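Bear in mind that the values here come from a model prediction, so they are computed numbers and not experimental data. Counting begins at 1 with the first residue of the sequence. Below, each value reflects all heavy atoms present in this structure, side chains not excepted, and no hydrogens, waters or symmetry copies. Numbering of ligands and ligand atoms starts at 1, following listing order.
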Amino acid sequence: MLVLGIESSCDETAASVVEDARSVRASVVSSQHEIHEEYGGVVPELASRAHAERITGVVTKAIRDAGCKLTDLDAIAVGHRPGLIGALLVGVSAAKALSWSLGVPLIGVDHVRAHLWAGLLDTTLSLDDVYPALGLVVSGGHTAMFACASPAELTRLGGTIDDAVGEAYDKAAAILGLGHPGGPLVDALASSAEAEERAVDFPVSRMGKTSLDLSFSGLKTSLLYQVRGVPGPGGKFPHDKGELTDRRRRDLCASFQRAASRAIVLKLERALEAMETRPMTLLVGGGVSANSRIRRELTDLAERQGLRLVLPAMQYCVDNAAMIAGLGHHNLMQGESDDLTLRASPSMA
Ligand code: KG4
Ligand code: ZN
């Protein structure tokens with residue numbers, strides 16, 4: 001069974017053809033980073049326009065790369081929440097048009113849940129060996145932990161009360177004068193052995209003894225003060241903070257990365273203690289799951305805790321439509337589908 005997935009929730013226009021929920025026949029991602037770079041973040045109206053311009057070409061390429069025809073498709077899945085409303089509407093409208101004209105089912109898929117399907121793509125792991133799972137979504141828009149009884153049954157255990165971790169990475173990169181999106185750039189600079197050795201301890205917010213929530217604003221402020229000095233009266237930064245050398249930039253990236261990873265591992269350990277049902281798996285997804293340090297630390301954590309670790313392949317960490325098609329197929333098999341009244345929504349259900 002072939003499902004076409006469409007994703008347009010933020011700044012990636014993506015389409016993918018997935019066979020039997022797991023096997024990716026084609027995955028096309030057209031990223032808009034070059035459009036948003038000069039603003040240091042995603043500009044919603046520009047994102048919507050770029051999706052509208054690109055969606056037909058992206059879908060056409062996915063069908064061609066998959067070596068199939070539109071009429072071979074058995075269903076259309078689309079990320080319909082959460083995300084930027086204007087951006088989501090482009091994908092949802094395209095999916096409705098295809099579903100109606102081809103006479104095949106339409107399935108609205110939750111983007112955050114789909115990130116937790118990404119690790120199952122191109123694997124043959126049985127769902128019975130995965131669930132119950134502790135799910136961790138770490139992306140530019142979301143940072144949260146879930147008790148996952150199944151791909152659809154998620155109970156939120158905790159999450160960020162301010163910035164998502166990817167957003168904090170992007171802001172850290174802006175403070176350090178790097179490009180956008182900053183996560184991969186900070187990761188690359190942080191990753192030399194010397195920088196890791198010279199890393200200083202930035203604060204890891206614990207939010208009370210048992211809290212499962214996270215906060216990244218203190219970490220971001222610590223980095224800002226390291227770079228620009230502590231502001232004096234009237235909020236003015238000192239003038240004589242000195243030049244930000246490449247070496248210092250690398251050390252600060254390593255320090256930031258270490259604190260961000262520690263915060264996440266700490267909360268996962270607490271979540272494991274708090275969960276009523278012991279999970280079999282640590283299931284991870286979202287752009288920041290591409291981070292080299294977090295991948296290493298999650299590998300260690302899973303080993304210590306005797307859990308199976310399911311991490312997405314690198315190309316399925318950031319936003320993509322294969323995860324939408326895969327989870328869409330699964331949901332369809334569970335008897336779920338939508339009609340043309342499907343609505344885009346900026347928030348999770
Ligand atoms: O999942 P995603 O594509 O979009 C959302 O659903 O939000 O995640 C994008 C985020 C960006 O903030 C980006 O900087 C971050 O993921 N990211 C990384 C890495 N690769 C992408 N953060 C840290 N290290 C990386 N290697
Ligand atoms: Zn995402």
Side-chain angles (χ1 to χ4, degrees), residues 5-14 16 27 29-33 36-37 39-42 44 47 51 78-84 87-88 91 109-119 121 135-144 159-160 162-176 178-191 195 216 219-220 223 253-264 284-298 311-324 326-327 346-348:
I6 294 180
E7 156 62 33
S8 69
S9 65
C10 191
D11 59 345
E12 263 92 29
T13 315
S16 170
S27 176
V29 179
S30 171
S31 159
Q32 305 173 8
H33 294 163
H36 304 288
E37 183 156 22
Y39 304 98
V42 179
H51 285 307
V78 61
H80 76 119
R81 68 170 191 225
L84 302 170
L88 287 166
V109 174
D110 182 291
H111 179 96
V112 174
R113 286 179 167 80
H115 269 306
L116 293 177
W117 188 269
L121 293 169
L136 170 72
V137 177
V138 276
S139 73
H142 304 274
T143 297
T160 183
D162 41 52
D163 290 350
V165 62
E167 191 183 351
Y169 262 98
D170 294 339
K171 289 178 180 164
I175 293 169
L176 292 165
L178 307 171
H180 175 84
L185 303 168
V186 172
D187 190 5
L189 286 182
S191 293
F216 293 99
L219 174 58
K220 209 175 54 188
L223 177 72
C253 284
S255 310
F256 178 91
Q257 182 143 298
R258 184 163 77 186
S261 306
R262 277 189 182 162
I264 291 165
V284 188
V288 183
S289 59
N291 183 264
S292 58
R293 177 148 196 152
I294 198 82
R295 287 178 92 87
R296 205 166 68 216
E297 294 212 8
L298 294 178
L311 275 173
M314 292 301 265
Q315 69 270 30
Y316 305 132
C317 291
V318 288
D319 287 350
N320 65 86
M323 64 186 194
I324 302 285
L327 182 56
S347 48
M348 262 185 106

Nearest option to atom 12 (O) of ligand 1, as decided by whichever heavy atom of V42, D163, D170, V137 sits closest: D170
Check: E7/S9 side-chain N/O donor and acceptor closer than 3.5 Å: yes
Any N/O pair H142/ligand 1 closer than 3.5 Å: no
Minimum heavy-atom distance between G285 and P312, given as atom pair plus value: CA-CG, 4.0 Å
Sub-4.0 Å heavy-atom contact, H111 with ligand 1: yes
Ring-ring centroid check F216 Y169, cutoff 6.0 Å: no
Residue selection (non-hydrogen contact nearest atom 19 (C) of ligand 1) among G140, G287, G166, S292: G287
Atoms of ligand 1 close to G183 [distance to a heavy atom under 4.0 angstrom, numbered from 1]: 14 (O), 18 (C), 19 (C), 22 (N), 23 (C), 24 (N), 25 (C)
CA sep, side-chain torsions, deciding dist, call: N291, Q257, side chain to side chain donor-acceptor pair (under 3.5 Å): CA-CA 9 Å; N291 183 264; Q257 182 143 298; 2.9 Å; yes
Heavy-atom proximity to atom 7 (O) of ligand 1, best of S289, G141, G285, A260: G141
Whether H111 has an N, O or S atom under 2.8 Å from the Zn ion (ligand 2): yes
The Zn ion (ligand 2) reached by H115 (N, O or S, under 2.8 Å): yes
P181: numbered ligand 1 atoms lying under 4.0 Å from its heavy atoms: 14 (O)
